[in-house]
Amino acid sequence: MDASDSSSTRRRATRAKLYEAAVTLIAEQGFSATTVDEIAERAGVAKGTVYYNFKSKTELFEELLRYGVGLLTASLQSAADDTAARGGTKVEALDEMIRAGLAFIDRYPAFTQLFVAELWRTNRAWQSTLLVVRQQAVAVVETVLREAVENGELSEEIDIPLTAAALVGMVLVAALDWQSFQRERSLDDVHSALSRLLHGRVGGR
């Protein structure tokens, strides 16, 4: 590994620590109440390190949204790709994407709470960024739905954009309810319930 690769790796690691610190603090006390000093302290870095990586707290939060939704999008895409690789159907791929979404939320509950909360706000500086990253996640589901319609697995009457958004929303809301009020349930339990909804309402079985 040359010097530039090593530097890039260190910077990614530093940013990951800052994202983790920021998402935890903001989930605990809100964006306005969270200071750069607190983020730096929680991440175990100097305050100057925050400003070396991000121009402002707002930019840090924007990049946090990009980073977190990027991880979610990648997990959804991986689930679809893995299902295709083993010869599964598109509806099976959607089922696996639901499970992948639940697993992501189980791993990153604080980020998911922030993401869902921010979706409902309209006066934030990062609103346009939020809309872009949300669409990236929904687009992965749209693609699989479209392929399912094209190969005859699903009806042509399905409204693909709305159905994709509904599936993503279903996973987010159900998972947050699970995390907040039904922690006695396992991931398998929650996935099983949502799978029945998928097959009954989308798959038509």
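- E147 is listed as a side-chain neighbour of T143, based on a closest heavy-atom distance under 4.5 Å.
- With a 4.5 Å cut-off on side-chain heavy atoms, L167 and V171 do not count as touching.
- A donor-acceptor pair is defined here as one N or O able to donate and one able to accept, closer than 3.5 Å; no such pair exists between the side chain of E63 and the backbone of E59.
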Requested in this report: Check the pair I39, T35 against side chain to side chain contact (heavy atoms under 4.5 Å, CB included), reporting the backbone distance first and the verdict last.
Outcome: CA-CA 6 Å; I39 293 171; T35 67; over 6 Å; no
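- Side-chain contact check for E92 versus R86: every heavy-atom pair is 4.5 Å or farther apart.
- Of all heavy-atom pairs spanning A137 and L76, the tightest one is O-CD1, 4.0 Å.
- Both L119 and L114 sit in one connected hydrophobic cluster of ILVMFWY residues. Membership requires side-chain heavy atoms under 4.5 Å apart, directly or through other members.
- For the ring pair (Phe, Tyr, Trp, His ring centres under 6.0 Å) condition, no pair includes a residue of residues 129-179, sequence neighbours left out.
- Closest of all the heavy-atom pairs between A164 and L145 is N-CD1, 3.5 Å.
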Report task. Using the side chain to side chain contact (heavy atoms under 4.5 Å, CB included) rule, take D95 and H199 through it: C-alpha gap first, then chi angles, then the decisive distance, then the call. Result -> CA-CA 8 Å; D95 198 6; H199 290 289; 3.5 Å; yes
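- Among all heavy-atom pairs drawn from L154 and V91, the shortest one is CD2-CG2, 3.8 Å.
- Contacts of D188 classified as salt bridge (Lys or Arg N to Asp or Glu O under 4.0 Å), with partners at least two apart in sequence or in another chain: R99.
- With contacts defined as side-chain heavy-atom distances shorter than 4.5 Å, the pair K17/E20 does not qualify.
- Interatomic distance, OG1 of T49 versus CZ of R11, reported as 11.0 Å (0.5 Å rounding).
- At a threshold of 4.5 Å between non-hydrogen side-chain atoms, the residues F111 and L71 do not count as touching.
- Counting only heavy atoms from C-beta outward, the side chains of K47 and E41 never approach each other to under 4.5 Å.
- Side-chain atoms of T129 and E62 form a donor-acceptor pair, as typed in the model, at a separation below 3.5 Å.
- Taken from CD in Q113 to CD1 in I105, the straight-line distance is 10.5 Å, to the nearest 0.5 Å.
- D37 CG to R42 CZ: the interatomic distance, rounded to the nearest 0.5 Å, is 13.5 Å.
- One N or O on the side chain of S180 and one on the backbone of L176 form a donor-acceptor pair closer than 3.5 Å.
- Taken to the nearest 0.5 Å, the CD atom of Q182 stands 5.0 Å off from the CG atom of D177.
- When atom types are taken as modelled, the side chain of E153 and the backbone of K90 share a donor-acceptor pair closer than 3.5 angstrom.
- Listed for the T112 side chain is a donor-acceptor partner under 3.5 Å among the backbone atoms of Y108.
- Taking 4.5 Å as the limit, every side-chain heavy atom of V149 sits out of range of all side-chain heavy atoms of R146.
- Geometric assessment of R66 against the ring of Y19 yields a negative cation-pi assignment under the 6.0 Å and 45° thresholds.
- Scanning both residues, L187 and A103, for their nearest heavy atoms gives CD1-CA, 3.7 Å.
- No continuous path of ILVMFWY side-chain contacts below 4.5 Å connects V132 to L65, so the two sit in separate hydrophobic clusters.
- No donor-acceptor contact under 3.5 angstrom links the side chains of T14 and R10, judged on distance only.
- Evaluation of the ring-ring contact (aromatic ring centres under 6.0 Å, His included) rule for F31 yields F61, W126 as partners, not counting sequence neighbours.
- Counting non-hydrogen atoms of neighbouring residues, nucleotides and ligands closer than 6.0 angstrom, the CD atom of E184 exceeds 12 such neighbours.
- Within 6.0 Å of atom CZ in R15, more than 12 heavy atoms from other residues, nucleotides or ligands are found, so the atom counts as buried in its surroundings.
- The number of heavy atoms from other shown groups lying within 6.0 Å of CZ (R107) does not exceed 12.
- Side chains of V69 and R134 form no contact here, defined as non-hydrogen atoms less than 4.5 Å apart.
- L197 and M97 fall within a single hydrophobic cluster, where Ile, Leu, Val, Met, Phe, Trp and Tyr side chains are chained together by heavy-atom contacts under 4.5 Å.
- Taking every heavy atom of both residues into account, I160 and E142 meet most closely at CG2-O, 3.7 Å.
- Nearest heavy-atom pair, V116 versus W120, reported as atom, atom and distance to 0.1 Å: O-CD1, 3.1 Å.
- With hydrogens and angles ignored, the 3.5 Å screen pairs a side-chain donor or acceptor of D189 with a backbone N or O of S186.
- Atom CG of L198 is separated from atom CE of M170 by 6.5 Å, given to the nearest 0.5 angstrom.
- For Q127 and E118, the side-chain atoms include no donor-acceptor pair closer than 3.5 Å.
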